[in-house]
Protein chains: 2
Amino acid sequence: MLVNEARTFRELCQENGIAVTHQRQVLYEVMKTMHGHPSPEEVYAQVKKKVPAISLATVYKNIHLFVESGVFREVSMHHGSLRVEMNDESHHHMVCSKCKAITDIGEKELGLVSKQDKLPGGFLVERYAVDVIGICAKCQQA
Amino acid sequence: MLVNEARTFRELCQENGIAVTHQRQVLYEVMKTMHGHPSPEEVYAQVKKKVPAISLATVYKNIHLFVESGVFREVSMHHGSLRVEMNDESHHHMVCSKCKAITDIGEKELGLVSKQDKLPGGFLVERYAVDVIGICAKCQQA
DNA sequence: TTATCGGACGATAATCTTTATCGTTTATAC
DNA sequence: GTATAAACGATAAAGATTATCGTCCGATAA
């Protein structure tokens, strides 16, 4: 089973053309066991238990690598800084996964959502925010 | 018209119990004219043209104030750092606007979206990411 | 199996974003 | 007009992320 896991990870690396390193493998396995939506620091803290000498920079580099390779994904696009919304009409967003550009799309043009007011866990709904993730026209050309 | 605008802003401040300052007013007016999804730095650059002595800290403080007051809103919740997704089943997120906690909700439980593959501007859809913004059970009690 | 080479690693400096501190100034209520 | 609390500006500090660079290790082919 462990062998099988290792084999899977090895294949995963080969598919993406990256080297199979000890740090990379432990990082991957640790992340697989984590729940919720950890930050790089939290992942770092966990991995350090198994590879005490690992560097935070390595964690960052490999998390990005995994995200780019589609192994993991990020919880909503991270734009590095706070962004404010000036458009006061009902709309959602198209976010380019390559260049991170954000474009508005009117609620009606998008089609969607059946709004429910009751959700599991007693969560009180204020509004829906939909991000359509994809590739913008510009990045499709390049 | 200008008088009217000023009056509106004054009322807005009074509704939210905040003082009407020159910086605050210019910031508000400048932001109203901006399109897209500017970062605090970008807003700062614009406001500085009209109030050269303004501090970046003031811009930050008042953007937060505006967001809390519901005057503007932020483009997807900002958690201060990159977050990775460990749940590999189709799901979306419930995000608490008070405490920023993120909870998963299964795609089926949510009801949701009619997926269209074609969107305006030639945007190529990969997937939909829905954030349900609201108040979590814990924050409803407090 | 070993030599070679490029990619990966660790340490840390640097950068970028945001927040906290604090002395001074200003808006508001009286 | 004056008192008081809030807001401002300057800047230090904190937090998050990236860049740099010398060393080390994994992949490939002899």
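Reminder, nothing fancy here: chain letters follow the sequence lines and each chain counts from 1.
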Hits for side-chain hydrogen bond (donor to acceptor under 3.5 Å, both in side chains) against A:Ser81, two or more places apart or cross-chain, chain-then-number order -> A:Arg83

In whole angstroms, the gap separating P of D:dC25 from CG of A:Asn62 amounts to 16 Å

To the nearest 0.5 Å, atom CE of A:Met86 lies from atom CZ of B:Phe72 at 6.0 Å

B:Leu65 CG to D:dA6 P, in whole Å, measures 13 Å

- Query: OP1 or OP2 of C:dC9 less than 4.0 angstrom from a side-chain nitrogen or oxygen of A:Ser55, does that happen here?
  - Reply: no

**Prompt:** When clusters are formed by joining ILVMFWY residues with side-chain heavy atoms under 4.5 Å apart, either directly or through shared neighbours, do B:Leu12 and B:Val26 land in the same one?
**Reply:** yes

ring-ring contact (aromatic ring centres under 6.0 Å, His included) filter on B:His91, not counting sequence neighbours, yields B:His93

Going 5' to 3' through nucleotides 15-29 of chain C and flagging B where a protein heavy-atom sits under 4.0 Å of the base, S where only the sugar-phosphate is that close, and - otherwise, we get --SBBB------SS-

note: A:Tyr28, atom OH; C:dA8, atom P; distance rounded to Å ~ 18 Å

Between CZ of A:Phe66 and C1' of C:dA8 the distance, given in whole Å, is 13 Å

If the cut-off is 4.0 Å, is B:Arg24 near the phosphate of D:dC8, judged by side-chain N/O to OP1 or OP2?
yes

In whole angstroms, the gap separating P of D:dC8 from CD of B:Gln23 amounts to 5 Å

Could you check whether any side-chain N or O of A:Glu42 sits under 3.5 Å from a backbone N or O of A:Ser39, counting only pairs where one atom can act as donor and the other as acceptor?
yes

Sorted by chain and number, sequence neighbours left out, salt bridge (charged side-chain N to carboxylate O under 4.0 Å, His left out) with B:Glu74 holds for B:Lys100

Donor-acceptor pairs are to be reported for all side-chain atoms of residues 61-70 of chain A against protein atoms at under 3.5 Å, with residues two or more places apart or in another chain.
unit_1  : atom_1 : unit_2  : atom_2 : d
A:Asn62 : OD1    : A:Arg24 : NH1    : 2.8
A:Asn62 : ND2    : A:Thr58 : O      : 3.0
A:His64 : ND1    : A:Tyr60 : O      : 3.3
A:Ser69 : OG     : A:Leu65 : O      : 2.8

Quiz prompt | B:Asp104 and A:His37: CA distance, side-chain angles, deciding distance, side-chain hydrogen bond (donor to acceptor under 3.5 Å, both in side chains) verdict | solution = CA-CA 10 Å; B:Asp104 293 353; A:His37 314 92; 2.7 Å; yes

The helix from C:dT1-D:dA30 to C:dC30-D:dG1: angle between terminal helix axes, five bp per end, to the nearest 10 degrees, reads 40°

